[in-house]
Each structure stands twice: as structure tokens, then as C-alpha cells.
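Worksheet: the structure to be examined is printed underneath.
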Number of protein chains: 2
Amino acid sequence: MEYDVYIQTCPTRMVLDRLADKWAVLVLGRLDDKPVRFNQLKREIDGISQKVLSQVLKKLERDGLVSRKVFATVPVTVEYAITPLGRTLTATVDALRRWAEDNIETVLAAQQKYDRAAD
Amino acid sequence: MEYDVYIQTCPTRMVLDRLADKWAVLVLGRLDDKPVRFNQLKREIDGISQKVLSQVLKKLERDGLVSRKVFATVPVTVEYAITPLGRTLTATVDALRRWAEDNIETVLAAQQKYDRAAD
DNA sequence: TTAACATGGTTTCATATCGATACCAAGGAG
DNA sequence: CTCCTTGGTATCGATATGAAACCATGTTAA
């Protein structure tokens with residue numbers, strides 16, 4: 001069986017679509033160290049809405065990258081953790097975040113140059 | 001100056017949003033070897049529309065990751081190539097694609113297990 | 001000669017996804 | 001009795017997306 005993300009109907013394309021997502025990258029980055037609860041994630045990932053966070057977590061859980069654990073406290077506590085499979089991915093998504101932080105000044109300079117040239 | 005992708009207004013967040021995108025990953029992957037023309041990219045990236053391809057290329061060019069070169073042939077030829085800055089990123093986005101291709105079977109198994117459990 | 005196809009786009013429009021907000025149940029604190 | 005917490009879901013308007021048509025220019029096929 002041949003898999004190729006450049007073919008639209010290949011299942012790898014759907015996986016890439018899930019991973020190549022701003023929110024998925026940020027969620028996986030936060031879960032890398034330790035399990036985190038829902039509302040703590042929401043507070044730490046500035047700008048994410050409750051709806052989108054719950055959707056992203058559900059999809060990551062379905063893909064086997066994140067596990068969900070409910071504690072019968074009051075109010076109920078839900079803890080999300082990265083799975084062994086998810087852990088094989090964190091180095092890669094971390095690299096994306098680091099690239100953005102390391103090269104932001106170069107990118108901003110390129111944008112300004114591009115925008116000036118378009119006068 | 002402190003940059004942090006977890007802060008909504010940080011410019012790194014916008015860069016991450018651009019890179020953490022299915023189409024951007026696929027475009028950068030195709031340009032890694034050699035410059036490619038617009039319609040060749042469109043043919044090779046199965047399922048991308050002309051509009052989205054031109055938008056993605058424009059944004060990647062603005063960010064300084066891709067360069068655009070017009071040749072005065074008939075009909076006009078437009079060639080897109082990766083820049084030195086873009087090249088510092090290709091290893092990372094390649095890793096994302098490779099992860100998807102290497103782990104697809106594990107992910108598909110996890111999805112089936114999740115879906116069965118939800119019956 | 002006229003129709004079709006190539007180039008690299010932009011425009012249009014209908015739909016899908018997004019984010020903000022409100023709402024929910026269940027209980028603790030004031 | 002009301003507000004706050006937990007972890008969500010429901011609703012709704014704004015935004016982004018994808019399919020398709022359109023554009024100019026010129027070459028080739030019928």
C-alpha cells in the first residue's frame with residue numbers, strides 16, 4: 001500500500017490537515033510536559049475559544065494523540081495528556097513553534113519590504 | 001523583546017498560523033527540490049484550487065519564504081522557488097509530512113477504536 | 001476559420017468553518 | 001439566594017474556503 005499526502009483522497013492528507021493546524025500545534029505543545037485540565041489549557045492558549053478547544057481535543061483524542069481522563073470530583077475534572085504516539089510528534093511541532101520564534105524578525109522584515117514594494 | 005506564540009497578539013502567532021497550514025506544507029515540500037511553475041504546482045498538489053494556491057504563494061512570498069520570477073514567454077511563465085529563509089524551514093515541514101506517512105496506520109487504528117467505543 | 005487548450009491569475013457565489021456569546025448541570029462559597 | 005467553579009453544547013453572525021466561471025494572450029488542432 002502506497003501513501004502519499006499529495007493525493008487528495010489519501011488518508012495521510014487528512015492527518016496532515018489535522019496536524020498542520022495552529023491550535024493543534026499549540027495544544028500539543030502545552031501537553032508535552034504534563035497533563036493539563038480543560039480550562040487551564042483554555043487560559044494558557046490565549047485566544048482559543050471553548051468550542052474550538054473542545055473540537056481540537058476531541059479530534060486529537062480520536063487520532064490517538066491525546067488521552068482524556070475524567071475525575072469524579074466536584075465540579076468534575078477532565079485532564080488531557082499526551083499519548084506515546086503523540087509524543088513521537090511533539091519534537092516536530094515544537095520545531096515549528098521554535099522556527100516561528102527564532103525567525104520572526106526576518107519574516108517581519110520581509111513583509112515590510114514586500115509591502116513597500118507594492119506601493 | 002519577548003516573543004511567545006501562546007500570546008494571541010504576538011507576531012509569532014501569525015507566522016505559526018501561516019506555517020501550520022496543510023497547503024503551505026505541501027507547497028514548500030514541492031519547492032524544496034527545484035523551482036516549479038504555477039500550473040505544475042496546481043497539478044502536483046491534488047485538490048488545491050487555483051484561488052487558494054495563488055493566495056498561499058502570495059503569503060509565502062510576502063513572508064520571504066518563496067520567491068516569484070516571471071518569464072516573458074508566451075504564454076507568460078511564472079516560476080516559484082524557495083528562498084534561503086524558506087530552506088531553513090523545509091526540514092521541519094518535511095518532518096510533519098513524513099510523520100503523517102509513517103504513522104498513518106496507527107492513527108487509522110486509533111480512529112476505528114474510538115469510533116467503535118462510541119457506538 | 002473556428003474551436004479548443006495553454007499560460008497565471010481574479011471574481012463570483014454558495015457553503016463550511018470560526019469566534020463570541022449565552023446557556024447548561026451540579027455543587028461550594030459568600 | 002446569588003455567584004463562582006467545573007467542562008462542555010447551542011446559537012448566530014462574520015470570515016474563510018472551494019468550485020466554477022471569466023479574463024487576456026497566443027498556439028495548435030479540426
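Below, chains carry the letters A, B, ... as their sequence lines are ordered, and counting in each starts from 1.
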Nearest-Å distance, [atom1] ([X]) to [atom2] ([N])?
| X | N | atom1 | atom2 | result |
| --- | --- | --- | --- | --- |
| K58(B) | dG8(C) | NZ | P | 15 Å |
| R37(B) | dG9(C) | CZ | C1' | 15 Å |
| Y80(A) | dT6(D) | OH | P | 14 Å |
| L57(B) | dT10(C) | CG | C1' | 15 Å |
| I45(A) | dC18(C) | CD1 | P | 15 Å |
| K42(B) | dT10(C) | NZ | P | 14 Å |
| D21(A) | dA16(C) | CG | C1' | 15 Å |
| L41(A) | dG7(D) | CG | P | 9 Å |

If you round to the nearest 0.5 Å, how far is CG of L57(B) from CD1 of I48(B)?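 It is 7.5 Å, given to the nearest 0.5 Å.
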Nearest 0.5 Å, please: how far is CG in L19(A) from CG in L60(A)? 8.0 Å
With a 3.5 Å distance limit and no angle check, can you tell me whether [X] reaches the backbone of [Y] through a side-chain donor-acceptor pair?
| X | Y | value |
| --- | --- | --- |
| R87(A) | D32(A) | yes |
| Y6(B) | L26(A) | yes |
| D63(A) | L65(A) | no |

I need a per-nucleotide contact map over nucleotides 18-28 of chain D, read 5' to 3'. Cutoff is protein heavy atoms under 4.0 Å; write B for the base, S for backbone only, - otherwise. BB------S--
Which part of the nucleic acid, if any, lies within reach of F71(A) when heavy atoms closer than 4.0 Å are counted: base, sugar-phosphate only, or nothing? nothing
Taking OP1 and OP2 of [N], is either one under 4.0 Å from a side-chain nitrogen or oxygen of [X]?
| X | N | answer |
| --- | --- | --- |
| S54(A) | dT9(D) | yes |
| R68(B) | dG9(C) | yes |
| K59(B) | dA16(D) | no |
| R43(B) | dT7(C) | yes |

Is it the case that one hydrophobic cluster holds both L41(B) and V76(B), taking links as side-chain heavy atoms less than 4.5 Å apart, direct or via other members? yes
Do any pairs count as a side chain to side chain donor-acceptor pair (under 3.5 Å) and have a residue in residues 37-48 of chain A, sequence neighbours left out, and if so which ones?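 Listed by first then second residue: R30(A)-E44(A), Q40(A)-E44(A).
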